[in-house]
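Right, one structure below, let's go through it.
Hydrogens, waters and symmetry mates are skipped; everything else that's a heavy atom, side chains included, is used. So you know, we letter chains A, B, ... as the sequences are listed, proteins then strands, and number each from 1.
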Amino acid sequence: MPELPEVETMVRGIRPFVEGRTVKAVLRCRCSCKPISIRPRLELLAKRLVGRRIESVRRLGKRVVLGVSDGSAVVIEPRMTGLMLLSDPPDRLHLRIEWKFAGRAKYNSIWFWDRRGLGTVRLFAPGELERTLPANVLGPDALLMDAETWRERCRKTSQPIKVLLLDQRKVAGIGNLYASEILHVAKIHPAKAAGRLKADEIRRLSEATREVLEEAIRDEGSTLGDATYRTALNRNGRYQNKHRVYGRGDETCPTCSEAPIRRFVQAQRSTFFCPVCQHR
DNA sequence: ATTAATGTTCAGAA
DNA sequence: TTTCTGAACATTAA
C-alpha cells in the first residue's frame with residue numbers, strides 16, 4: 001500500500017533513469033482486466049508526451065509527478081496496489097502502461113503496474129496541477145511538518161488523531177499503516193481528539209512522524225506478506241520488520257512488553273495500538 | 001462456493 | 001461547512 005515512504009522509494013528508484021530523457025513511446029500493456037483510469041486517453045496522452053523531455057521526477061503526497069519539458073505534468077496515483085517499476089513486475093498480467101525513452105541507458109523504460117487497478121494516471125496542462133491541488137485539498141507534506149504546523153493543523157477539531165493523520169487535506173502522505181506506527185512511537189491514543197492534544201503530545205507527534213517516515217524511507221518502505229509492494233528494482237522493502245503495532249494484533253507490545261497490541265476499527269480501517277503505551 | 005477483508009480517493013449523502 | 005458512507009477493483013483467506 002504505497003504511502004509516503006513507498007512512493008518516495010519509487011521516485012528515487014526511477015529518477016536516475018527518467019530525468020532528462022526524451023519520451024519515445026507511451027504504450028498500453030496488454031492486460032485482460034478492466035482498464036485503469038487514464039486521462040486523456042492513452043493515444044492522446046502519448047501524442048502529448050512523445051518527443052518531449054521529462055525534466056523532473058518528484059513525489060506529491062502519495063503521488064508520483066513527472067514534470068514534462070512543456071510545463072505539463074503526468075501525475076501517477078498508485079492508490080492501493082500501484083507500482084512504478086524499472087524491471088521485473090510481480091506478473092505481466094497487471095502491467096498497465098509503459099513509457100519508453102530515447103537513447104540507451106541501463107533502463108530505457110518505466111512501467112506502471114497495478115494489480116487491483118484502482119490507480120490513475122493523469123496529464124495536467126501547465127499550471128493546472130497547482131489549480132487542481134491547492135493547499136486546502138492537499139495539506140503540507142508530512143516530512144515538512146514542524147511542531148507549530150502540527151499544532152495549527154490539529155486545532156479546533158474533535159476528529160480522532162488517527163483519522164486526522166489519514167486526512168490528506170490536513171497532512172499529505174500518511175496512510176493507514178504509518179498512522180498506527182507514528183502514534184505508537186508518539187505514545188498517543190489513536191482515538192484522542194486532535195484538538196485536545198497537549199503541547200508535548202504535539203511535539204512527540206511531530207518528532208515521531210519524521211522519525212518513522214525517514215527510517216521507513218531508509219528501509220525502502222514496507223512489503224507486507226500478502227501485499228505486492230516492491231521497489232522499482234523488484235526488491236522487497238524492509239521496514240515491515242520494524243513494525244511495532246501494524247498487523248501485530250495480540251502480539252506483546254515491543255516497547256513496554258506489558259500488554260498485547262489491540263486492533264479496532266476507525267473510519268472503516270484497522271487501527272493498531274498498545275493500551276499501555278498509548279493510554280487514554 | 002460465497003463472503004469478508006484489504007486501504008486510497010472521490011462522489012454524493014447526511 | 002464538515003463528516004460519513006459506498007463504490008471503484010482484484011485477490012486472498014475464511
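With rounding to whole Å, A/E3 atom CD is found 13 Å from B/dT6 atom C1'. Between A/M1 atom CE and B/dT9 atom P the separation is 13 Å, expressed in whole Å. Remark: P of B/dT6 and CG of A/L177 are 13 Å apart, rounded to the nearest angstrom. Nucleotide B/dT8 holds its P atom 19 Å from the CD1 atom of A/I76, rounded to whole Å. Counting to the nearest Å, the P atom of B/dT6 and the CG atom of A/N176 are 9 Å from each other. What separates CD of A/Q266 from P of C/dC4 is a distance of 11 Å, to the nearest Å. We find that OH of A/Y229 is positioned 16 Å from C1' of B/dT8, with the value rounded to whole Å. In this structure, A/R116 atom CZ and C/dC9 atom P are separated by 11 Å, rounded to whole Å.
Exactly one residue among A/E181, A/K162, A/R269 makes a side chain to side chain donor-acceptor pair (under 3.5 Å) with A/N176. That residue is A/K162. The side-chain contact (heavy atoms from CB on, under 4.5 Å) test with A/C154 is passed by exactly one of A/T149, A/L164, A/V171: A/L164.
Sorted by first and then second residue, the pairs that involve residues 150-160 of chain A and meet side chain to side chain donor-acceptor pair (under 3.5 Å), not counting sequence neighbours, are A/E148-A/R151. Residue pairs meeting the side chain to side chain donor-acceptor pair (under 3.5 Å) criterion with at least one member in residues 253-263 of chain A, sequence neighbours excluded: A/R263-A/S270.
Put simply, A/H94 has a side-chain N or O that comes within less than 4.0 Å of OP1 or OP2 on C/dT11. Considering only side-chain N and O atoms, A/K34 lies nowhere under 4.0 angstrom from the phosphate OP1 or OP2 of C/dA10. At B/dT8, one or more side-chain N or O atoms of A/R269 fall inside 4.0 Å of OP1 or OP2 (strictly under the cut-off).
Partners of A/F112 according to the ring pair (Phe, Tyr, Trp, His ring centres under 6.0 Å) rule, which considers only residues two or more places apart in sequence or in another chain, do not exist here. Qualifying ring pair (Phe, Tyr, Trp, His ring centres under 6.0 Å) partners for A/F124, counting only residues two or more places apart in sequence or in other chains: none. Residues passing the side-chain contact (heavy atoms from CB on, under 4.5 Å) test with A/L27, sequence neighbours excluded: A/A25, A/E98, A/K100. Every side-chain contact (heavy atoms from CB on, under 4.5 Å) that A/A172 has, sequence neighbours left out, goes to A/L138, A/Q168. Judged as a side chain to side chain donor-acceptor pair (under 3.5 Å), and not counting sequence neighbours, the contacts of A/S222 are A/Y178, A/H243. In this structure, the side chain to side chain donor-acceptor pair (under 3.5 Å) partners of A/S72, at least two apart in sequence or on a different chain, are A/D70.
There is no path of hydrophobic side-chain contacts, each under 4.5 Å, that joins A/V64 to A/L144. With hydrophobic clusters built from ILVMFWY side chains whose heavy atoms lie under 4.5 angstrom apart, A/L66 shares a cluster with A/L95.
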Once Watson-Crick and G-U wobble pairs under 3.5 Å are found, how is DNA chain C written in dot-bracket notation, 5' to 3', with | for any base paired to another strand?
.|||||||.|||||
Short N/O separations, protein against nucleotides 3-5 of chain B, under 3.5 angstrom:
none

Pairs under 3.5 Å (N/O, protein and nucleotides 10-14 of chain B):
unit_1: B/dC10; atom_1: OP1; unit_2: A/R63; atom_2: NH2; d: 3.4

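Taking atom C1' in both C/dT12 and B/dT9, the straight-line distance is 23 Å, to the nearest Å. B/dA4 and C/dG6: their C1' atoms are spaced 16 Å apart (whole Å). C/dT11 and B/dC10 have their P atoms separated by 24 Å, with the value rounded to a whole Å.
Side-chain atoms of A/R63 never come within 3.5 Å of backbone atoms of A/V75 as a donor-acceptor pair (strictly under, hydrogens ignored). No donor-acceptor pair closer than 3.5 Å links the side chain of A/E19 to the backbone N or O of A/S56.
Closest contact between the side chain of A/Q268 and the listed nucleotides B/dT8, C/dT5, C/dA10 involves C/dT5.
A heavy-atom distance below 4.0 Å to DNA chain B is reached by these residues of residues 150-173 of chain A, ordered by number: A/Q168.
A 4.5 Å side-chain heavy-atom check between A/L165 and A/L183 finds at least one atom pair inside the cut-off.
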